[in-house]
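Following: one structure in structure tokens, then a few remarks.
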Amino acid sequence: MKRTWHDSHVFFIFIIMRKKRNYLIIISVFLLITILTIVIKNNNQNLDYYIEGEPKITLYLHQENEVIELGLEEYLVGVIAAEMPASFELEALKAQAIAARTYTIRKIIEGREYPLNADLSDNINECQAYISLDEFKKRNPKNYSELQEKLIKAVYETKGEILMYQNNEVIDALYHSTCGGYTESAEDAWGNHVPYLKSIKCVYCEKSRHYETEQVFSNSEFNQIFNINDAQLKIDILEKSNSGRIKKMKINNQIIYGDRLRNLLSLPSTWLGIEINEHEVIINNRGYGHGVGMCQYGTNGMAKEGYSYEEILNKYYQNIDIIKISY
Ligand SMILES: [Zn+2]
């Protein structure tokens, strides 16, 4: 498509040269093409995919084990329906739509293969959640049409908008439910430095029901999970991230990493404190999710205080640009 578009203009210039011999026009057209090419190249990593109208994507539905085809924006309505409460503020839903669109486009550019050769999957362990509007209706029987209208508005009023870093990278737009006060840097979470995924203070998610939670395990239950036979349970926290999340700890003689601990105990996050008493192990958690990138409840908190989706996105992803792709 890119070559055809460019060739047609070269041909056009050739005609002008023959008929008019107006060099000023030729130079102007060349300049215009050069500027347009630079702008489009900078704005799109995969130009061919975007410029011929709204892209279609294929989505693997993991429970049905089948693939459906959807328009990109149509798909995003189902993603934000599944990933964020539709009762959230419109600006929060718009921020979510852009984060989800960016995440989607990055996945497509990465070219990861999902089952049955689909572009994307609705399995949250490897991609984003998605629900059909029928499913959304079942989950919101009372005010379905009002909420659906809001979701569609959030997606279509931000149509084509994605987040880029330094105009040459579609960002890895990670998001999570509730950070608990500080987001986590990608470096602390996974060991790779990502300049737009830093740990930042968030005072906007305090109203989330996941902000502070408590999980209680009986000593025997805890000992069974960690295969501990000793009578005396001993826990030492060895390493924390800058945000306060646990990276490494010692449970009796076992070294346990934060993510492993979270998985084994099905904890909402790795930001936690542990108390042991005679009968129980009490874990006080902060936040819900990996904590990297956009805090969804924080997003809604910001929207309630009057921040725009641009301001919200620029808080949770640093030094990024919001770029609009035309299709
Ligand atoms: Zn937060």
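Numbers here are sequence positions counted from 1. First listed ligand is number 1; within each ligand, the first listed atom is number 1.
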The side-chain contact (heavy atoms from CB on, under 4.5 Å) partners of T270 (sequence neighbours excluded) come to R245, D259, R262
Give me the number of protein N, O or S atoms whose distance to the Zn ion (ligand 1) is under 2.8 Å. 4
Across all chains, not counting sequence neighbours, the side-chain contact (heavy atoms from CB on, under 4.5 Å) partners of N277 are H279, E280, I282
Nearest 0.5 Å please: distance from the CD1 atom of I251 over to the CG atom of L264. 8.0 Å
Could you tell me which residues satisfy salt bridge (Lys or Arg N to Asp or Glu O under 4.0 Å) with D236, sequence neighbours excluded, listed by chain and number? K234
Would E135 and R139 pass as an ion pair if we require N to O under 4.0 Å? yes
Could you check E161 against R101 for salt bridge (charged side-chain N to carboxylate O under 4.0 Å, His left out), going step by step and ending with a plain yes or no? CA-CA 8 Å; E161 290 183 35; R101 187 181 295 106; over 6 Å; no
